[in-house]
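Right, one structure below, let's go through it.
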Amino acid sequence: MSEEFSTQVSDRICKHMNDDHAEAVAFYAKAYGDLDNATAAKMLSIDAEGMNLQAQANGEDVPVRIKFDHTLKNAEDAHHTLIDMLKQARK
């Protein structure tokens, strides 16, 4: 695992997304995880290649792996990429 995506960095990003942007995380599951019926999702981890979510769909917990379109360089890149993915999905 690259230094940029230590467990601490992953945990910090996940906590921020789950605490402050829960609707965005659910949106990722719908748009990028092909889970149209996802009602909620939690970000479990993030790394340079993608993110692991746990979505709720049809009353079940569904694991979702979403790959990024490029390898992330650092936490700042992750921040911009997550925002871009949200903008793209909303189009």
Side-chain angles (χ1 to χ4, degrees):
M1 184 185 264
S2 71
E3 180 54 42
E4 292 82 3
F5 280 93
S6 62
T7 308
Q8 289 86 349
V9 170
S10 173
D11 290 349
R12 193 183 73 224
I13 293 172
C14 291
K15 180 173 175 18
H16 169 66
M17 292 302 294
N18 293 328
D19 290 352
D20 300 337
H21 304 291
E23 69 293 332
V25 178
F27 202 66
Y28 294 136
K30 287 181 190 177
Y32 296 100
D34 295 324
L35 279 178
D36 298 335
N37 54 358
T39 52
K42 192 173 165 98
M43 189 178 287
L44 302 178
S45 64
I46 185 170
D47 57 66
E49 305 300 326
M51 58 181 148
N52 294 303
L53 310 181
Q54 182 171 326
Q56 278 78 50
N58 301 326
E60 290 180 32
D61 286 341
V62 183
V64 181
R65 172 73 179 170
I66 299 170
K67 301 275 280 174
F68 297 130
D69 65 358
H70 67 287
T71 302
L72 302 182
K73 293 179 199 64
N74 50 36
E76 188 180 348
D77 192 6
H79 177 80
H80 292 295
T81 300
L82 290 169
I83 291 170
D84 288 345
M85 286 174 73
L86 204 54
K87 288 180 185 161
Q88 285 299 114
R90 286 194 168 136
K91 281 184 182 165

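Atoms CD and CD1, on Gln88 and Ile83 in that order, are 13.0 Å from each other to the nearest 0.5 Å. If you take NE2 on His70 and CD on Glu49, they are separated by 10.0 Å, rounding to the nearest 0.5 Å. In this structure, CD1 in Ile46 is found 11.5 Å from CG in Asp11, a value given to the nearest 0.5 Å. Residue Asn52 holds its CG atom at 4.5 Å from CZ of Arg65, rounded to the nearest 0.5 Å. Taking OG1 of Thr81 as the start and CG of Asp69 as the end, the distance is 7.0 Å to the nearest 0.5 Å. Separation of atoms NZ (Lys15) and CG (Asp20) is listed at 8.0 Å; rounding is to 0.5 Å.
Note on Ile66 and Val25: same hydrophobic cluster, where clusters join Ile, Leu, Val, Met, Phe, Trp and Tyr whose side-chain heavy atoms are under 4.5 Å apart, directly or indirectly. Hydrophobic cluster membership differs between Met85 and Leu44, with clusters built from Ile, Leu, Val, Met, Phe, Trp and Tyr side chains linked at under 4.5 angstrom.
Looking at Asn37, its side chain never comes within 3.5 Å of a backbone N or O of Ala57 through a donor-acceptor pair. Although no hydrogens or angles enter the test, the distance criterion places no donor-acceptor pair under 3.5 Å between the side chain of Ser10 and the main chain of Ser45.
By the neighbour-count criterion of 12 heavy atoms within 6.0 Å, atom CD of Glu23 is densely surrounded, having more than that number from other residues, nucleotides or ligands.
Residues Tyr28 and Leu82 approach most closely at OH-O, 2.7 Å, considering heavy atoms. Closest approach of Asn74 and Phe5 over heavy atoms only: O-CZ, 3.5 Å. For the pair Lys30 and Asp36, the tightest heavy-atom approach, listed with the atom from each and the gap, is O-OD1, 4.0 Å. Heavy atoms only, all atoms of each residue included: Phe27 and Ala89 are closest at CE2-CB, 3.4 Å. Across all non-hydrogen atoms, the minimal contact from Ala55 to Ala29 is CB-CB, 4.0 Å. Scanning all heavy atoms of the two residues, the minimum distance from Met43 to Leu53 falls at CA-CD2, 3.6 Å.
Note on Lys67 versus Asp47: no salt bridge recorded, every NZ/NE/NH1/NH2 to OD/OE distance being 4.0 Å or above.
Here the side chains of Asp61 and Gln56 are in contact, with some heavy-atom distance below 4.5 Å.
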